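Structure first, commentary second.
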Amino acid sequence: MNATNDAWNEFWARQRAGRGVGCLPARWGSVFAVLEGHWRSLALDLAPAAKVLDLATGDARVLHWLGLANPQLERTGIDLCPNLPQGPPGIDIRAGVAMERLPFEDLAFDAIVSQFGVEYGDTARVAAEVARVARDDARIAFIVHRGDGAILEHNVARAEQIAWLLDELDLIERTKAHLARENRPWPAAVRTVAEVVREGRARFGEHSAGWEIPEAVRRSLIMGAEAGDSIEGVCALLDNIAAQACNERDRIASLKRASATADARDTFLGAFASCGLTLVSGETLKDAAGRVFAEMLRFKRG
């Protein structure tokens with residue numbers, strides 16, 4: 001699991017620095033609209049000043065949405081990642097905290113929520129902690145991934161494109177070898193990478209890892225040549241591109257595992273039921289194009 005943790009730590013570090021793009025393209029804006037709508041609706045069912053805990057809070061967007069609908073909520077978010085983006089004002093974010101070991105007293109919260117979070121943890125231990133810190137009448141709602149969902153489909157396709165570039169074509173190492181054989185501005189290397197850019201665009205489109213990564217390599221070569229960078233400096237840039245691609249692939253692998261965890265309903269729901277938390281409802285979530293992308297699960301005691 002170290003590779004998974006490292007990949008997500010890097011993800012949130014890049015989000016914090018303003019260099020991240022998230023797990024979905026911007027054109028999927030309706031997904032976020034649907035998510036926000038469901039959390040706003042939940043917030044309206046909570047009493048003013050209710051205490052809310054968000055598990056695996058990330059950038060605290062769920063708590064932000066809840067607060068927009070019910071500004072008096074007392075909002076706390078925890079996440080295992082130690083380097084989270086700056087959260088919105090009025091939210092207590094605790095980084096480096098595991099869902100399986102919550103640093104809160106028993107019966108501390110009126111609501112416990114999570115968006116694409118609980119399914120990444122040790123379900124039995126997370127369920128036990130949720131049951132411990134939730135008050136008897138607490139609202140408990142999780143939005144989880146689905147194995148047949150569009151989010152997983154989109155990301156699996158990106159992982160396959162990364163594999164094509166890094167494994168099948170060996171793009172980074174082949175490009176570095178080109179640099180060692182010719183002088184700046186490395187015309188043969190640029191032409192070779194440009195061919196991969198064109199193939200990636202033709203096969204996968206411009207909003208794809210199959211185009212983005214070779215295009216980043218091509219631009220690195222051109223800008224490095226224009227700046228008079230050394231081969232070593234350009235190779236370091238290429239290694240960084242490869243590292244980012246590998247981190248994305250590790251995150252996607254963890255997404256696949258999380259989706260499988262949520263899909264194993266008997267085991268997943270059974271862990272909560274064994275802690276006295278019963279499923280009240282499960283609602284399939286679709287975006288504006290009708291694509292299934294997640295499910296909202298609501299629990300209660302008893």
Side-chain angles (χ1 to χ4, degrees), residues 1-2 4-24 31-32 35-123 125-135 138-145 247 251 254-255 258 294 296:
M1 295 296 290
N2 287 337
T4 295
N5 292 340
D6 290 345
W8 283 107
N9 289 342
E10 174 66 19
F11 173 83
W12 286 118
R14 290 179 67 81
Q15 301 294 319
R16 182 176 185 175
R19 302 194 307 273
V21 295
C23 295
L24 286 175
V31 166
F32 301 106
L35 293 171
E36 179 177 354
H38 277 78
W39 291 123
R40 280 175 173 262
S41 177
L42 176 70
L44 295 175
D45 288 336
L46 300 176
K51 294 183 177 181
V52 183
L53 174 63
D54 182 22
L55 304 177
T57 193
D59 59 5
R61 70 180 60 193
V62 169
L63 293 175
H64 173 63
W65 289 333
L66 292 170
L68 291 176
N70 192 341
Q72 297 183 58
L73 294 174
E74 183 176 327
R75 296 164 290 162
T76 302
I78 65 96
D79 200 290
L80 184 60
C81 178
N83 296 304
L84 295 174
Q86 183 68 41
I91 297 175
D92 178 16
I93 297 181
R94 305 192 187 189
V97 175
M99 295 182 286
E100 297 86 352
R101 297 184 301 277
L102 296 175
F104 306 111
E105 297 180 355
D106 295 357
L107 309 175
F109 293 97
D110 301 294
I112 300 177
V113 301
S114 180
Q115 179 173 288
F116 307 136
V118 293
E119 64 269 43
Y120 286 87
D122 181 323
T123 307
R125 295 172 63 195
V126 172
E129 284 293 86
V130 170
R132 181 181 68 80
V133 303
R135 292 176 178 166
R139 300 296 181 92
I140 301 170
F142 306 139
I143 290 179
V144 299
H145 289 297
N247 276 330
R251 293 197 307 272
S254 73
L255 167 58
M296 188 169 204

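Note that this is a predicted model, so its numbers are computed, not measured.
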Can you name the nearest heavy-atom pair linking [X] to [Y], along with the distance?
X    : Y    : answer
A111 : A138 : N-CB, 4.3 Å
F142 : V113 : CD2-C, 4.1 Å
F116 : Y120 : O-CE1, 3.4 Å
G67  : R75  : CA-NH1, 3.5 Å
E105 : R132 : C-NH1, 3.7 Å
I112 : V130 : CD1-O, 3.7 Å

What residues form a salt bridge (charged side-chain N to carboxylate O under 4.0 Å, His left out) with R135, not counting sequence neighbours?
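For R135 the salt bridge (charged side-chain N to carboxylate O under 4.0 Å, His left out) partners, ignoring immediate neighbours, are D110.
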Would you tabulate the side-chain donor-acceptor contacts of residues 45-56 under 3.5 Å, counting partners in other chains and residues two or more places apart, or write 'none'?
| unit_1 | atom_1 | unit_2 | atom_2 | d |
| --- | --- | --- | --- | --- |
| D54 | OD2 | T57 | OG1 | 2.8 |

Could you tell me whether a side-chain N or O of E129 sits under 3.5 Å from a main-chain N or O of A127, the two making a donor and an acceptor?
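No; zero donor-acceptor contacts below 3.5 Å.
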Measure the [atom1]-[atom2] distance between [X] and [Y] for me, rounded to the nearest 0.5 Å.
X    : Y    : atom1 : atom2 : answer
L84  : D79  : CG    : CG    : 4.5 Å
D59  : C81  : CG    : SG    : 11.0 Å
T123 : E100 : OG1   : CD    : 9.0 Å
I78  : L102 : CD1   : CG    : 5.5 Å

Under the rule for ring-ring contact (aromatic ring centres under 6.0 Å, His included), what residues qualify as partners of F109, not counting sequence neighbours?
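Per chain and number, F109 pairs via ring-ring contact (aromatic ring centres under 6.0 Å, His included) with F104.
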Evaluate the criterion side chain to side chain contact (heavy atoms under 4.5 Å, CB included) for residue pair R125 and M99; output intermediate values, then yes/no.
CA-CA 8 Å; R125 295 172 63 195; M99 295 182 286; over 6 Å; no
Of all residues at least two apart in sequence or in a different chain, which pass the side chain to side chain contact (heavy atoms under 4.5 Å, CB included) check with P88?
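For P88, the residues satisfying side chain to side chain contact (heavy atoms under 4.5 Å, CB included) (neighbours in sequence not counted) are A60, H64, I91.
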Determine which pairs satisfy salt bridge (Lys or Arg N to Asp or Glu O under 4.0 Å) with at least one residue from residues 84-93, sequence neighbours left out, and list them in order.
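The answer is D92-R94.
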Side-chain donor-acceptor pairs under 3.5 Å in residues 36-44, sequence neighbours left out?
| unit_1 | atom_1 | unit_2 | atom_2 | d |
| --- | --- | --- | --- | --- |
| E36 | OE1 | W65 | NE1 | 3.4 |
| E36 | OE2 | R40 | NE | 2.9 |
| E36 | OE2 | R40 | NH2 | 3.3 |
| H38 | ND1 | V34 | O | 3.0 |
| H38 | NE2 | E283 | OE2 | 3.2 |
| W39 | NE1 | Q115 | OE1 | 2.7 |

Of all pairs that satisfy ring-ring contact (aromatic ring centres under 6.0 Å, His included), the ones with a partner from residues 70-95, not counting sequence neighbours:
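Those involving residues 70-95 do not exist here.
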